[in-house]
Amino acid sequence: MEKLGLVLMAIFFSTMAGFAQVVVSDTITNTKQGYWEDKSDSNSRVLNKSQFGDNWFFGIHGGGTFNWGADEDFSGSFKQIRPMGALSLGKWLSPYVALRANVSLAKNTATYDAGANPKWWALGGGLDGMFNFTNLFCGYKESRSFNFVGILGFGTEHVFDYKNNVVPDPKGWLLTGRLGLMSIWRLSEAWDLTVEATNHWLDDSYDGLIENNRYDGHFNLMLGFVYRFKNHDGSHEFTYARRDWNKYDVMNQEINRLRQKAADDRAYAAAHPNINTINSKQINTLISFAKGSSEIDKLQEVNVYTAAEAMKELNNADLYITVLGKATKNADLFIQRAQSIRDSLTKDYNIPAGRIYIEKDPALVESLDKSTDYVIMYINE
């Protein structure tokens, strides 16, 4: 049994390592139909980044267990079906693979033709790898109503309260390997109904009788309810990155305002030909942050890159970081965000820190001398 356990553990960890390579690319190149997409990955939608506290779940399961592998002929009747229950706690590492710890308690029996009818309790615990076949072969879909999952795991079972006067008591702790399938039906945003069937392999002494070096085991069928804890973004599952249309509306309004201002300046210059023409460049870009966050999202790094390229094009220009619209509502958060932008510009793009200015009042930035080159980076709050 020990050799079987080692083989199962090797298969388990090698499989988990393989699935750990299934990641979503961060090379964001375009948008379509409201979703951010990744052209480097056949236009697949891009998942929002998860934190460690995301995608955890807790389950309570109940059903029956059927023992097999008795060393003597047994009746195989329904008398060998006994009740069992289990608790589980796990985390989906991606839409395709999860890790789950579980504990179980079962009342067991075996019926032999020889007349022995041992009874015992088994307390089990272990670790499972869960593989979502539906997502693997059909692609991940938010709020999918049904998922089909494979289970591969290992653990231990403690046999106690053994009652039988024909054969000696079994070993107290036994290594077990298990393989199974699970069907998951979505009941609500947070709750799932599951039906789980697993087969467990154990040492030959599980039923108390050691003979012919066979494996003992049991087949479990359980119904369960699983609660998916809320993620940091308020969801209960993996979500795709979407464009925030409210932010885009604000950005479009600002772009239109700047365009209108430039058109007015050109019209004024055309109507007053005696005014000296100003040969300078003012470049504007915009960056958005998640609510309450000062971390630059992958989706927004292209805007930092745009500002850096503008600075390189305008050799003697300065860059001003300010807010879009009126003065900032949260000065501390604005400073943190502005410093994140400045750090990225200096560390990732070698822009001199002495050419980067942080200004909370956008009115002061807009009053800059139009005869000079500069870049303005607006933070959309």
Side-chain angles (χ1 to χ4, degrees), residues 1-20 59-72 74 80-91 93 97-112 116 118-131 149-164 166-182 196-222 224:
M1 184 62 202
E2 286 76 7
K3 292 182 179 179
L4 175 63
L6 291 174
V7 171
L8 286 170
M9 284 189 283
I11 295 173
F12 177 85
F13 285 115
S14 62
T15 307
M16 293 296 293
F19 278 102
I60 181 169
H61 316 268
T65 181
F66 176 84
N67 293 295
W68 54 264
D71 296 275
E72 296 183 9
F74 60 91
Q80 299 208 166
I81 298 177
R82 287 294 183 267
M84 74 171 301
L87 299 174
S88 63
L89 177 66
K91 172 180 169 63
L93 306 177
V97 62
L99 282 177
R100 178 184 73 168
N102 59 78
V103 293
S104 63
L105 181 64
K107 187 174 184 179
N108 297 270
T109 186
T111 304
Y112 298 105
K119 295 179 176 62
W120 69 95
W121 287 88
L123 176 65
L127 186 67
D128 292 333
M130 301 172 62
F131 309 98
V149 175
I151 300 171
L152 175 64
F154 64 92
T156 185
E157 291 193 26
H158 175 54
V159 178
F160 65 98
D161 197 23
Y162 191 82
K163 296 178 180 179
N164 181 56
V166 178
V167 295
D169 289 357
K171 299 176 182 177
W173 290 94
L174 302 174
L175 186 66
T176 177
R178 55 180 166 268
L179 189 67
L181 297 171
M182 174 188 288
E196 175 180 341
T198 55
N199 196 35
H200 295 225
W201 288 267
L202 296 110
D203 187 86
D204 186 39
S205 66
Y206 181 65
D207 59 3
L209 186 62
I210 302 175
E211 189 175 86
N212 298 328
N213 197 29
R214 298 174 179 174
Y215 290 121
D216 288 341
H218 52 89
F219 175 81
N220 304 332
L221 182 63
M222 292 190 292

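Note that the structure is predicted; figures quoted are calculated from it, not measured. Scope of the values below: all heavy atoms of this structure, side chains included, with no hydrogens, waters or symmetry mates.
Of all heavy-atom pairs between His61 and Ser88, the closest is NE2-OG, 2.9 Å. In this structure, Ile81 and Phe66 approach most closely via the heavy-atom pair CG1-CD1, 3.7 Å. Between Thr156 and Thr176, the shortest heavy-atom contact is N-CG2, 3.6 Å. When every heavy atom of Ala197 is checked against every heavy atom of Leu221, the shortest pair comes out as CB-CD1, 4.0 Å.
Within the 4.5 Å cutoff, side-chain heavy atoms of His218 are placed close to those of Glu157. Looking only at side-chain heavy atoms (C-beta outward), Asn102 and Arg178 come within less than 4.5 Å of each other.
When the shell of 6.0 Å around NZ of Lys107 is examined, it contains 12 or fewer heavy atoms from other residues, nucleotides or ligands. Counted within 6.0 Å of CD1 on Ile60, heavy atoms from surrounding residues, nucleotides or ligands total 12 or fewer; the atom is thus considered open.
Annotation: side-chain hydrogen bond (donor to acceptor under 3.5 Å, both in side chains) contacts of Ser104 (sequence neighbours excluded): none.
Residue Phe154 holds its CZ atom at 9.0 Å from CG of Asp128, rounded to the nearest 0.5 Å. Note that the CG atom of Leu105 and the OG1 atom of Thr65 stand 11.0 Å from one another [nearest 0.5 Å].
Contact check on Arg100 versus Glu196 returns a salt bridge, with a Lys/Arg side-chain nitrogen under 4.0 Å from an Asp/Glu carboxylate oxygen.
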Subject >> Residue pair Lys91, Leu99: steps toward the side-chain contact (heavy atoms from CB on, under 4.5 Å) verdict >> reply: CA-CA 6 Å; Lys91 172 180 169 63; Leu99 282 177; 5.9 Å; no

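Formation of a donor-acceptor pair under 3.5 Å by the Thr198 side chain with backbone atoms of Leu179 is not found in this model.
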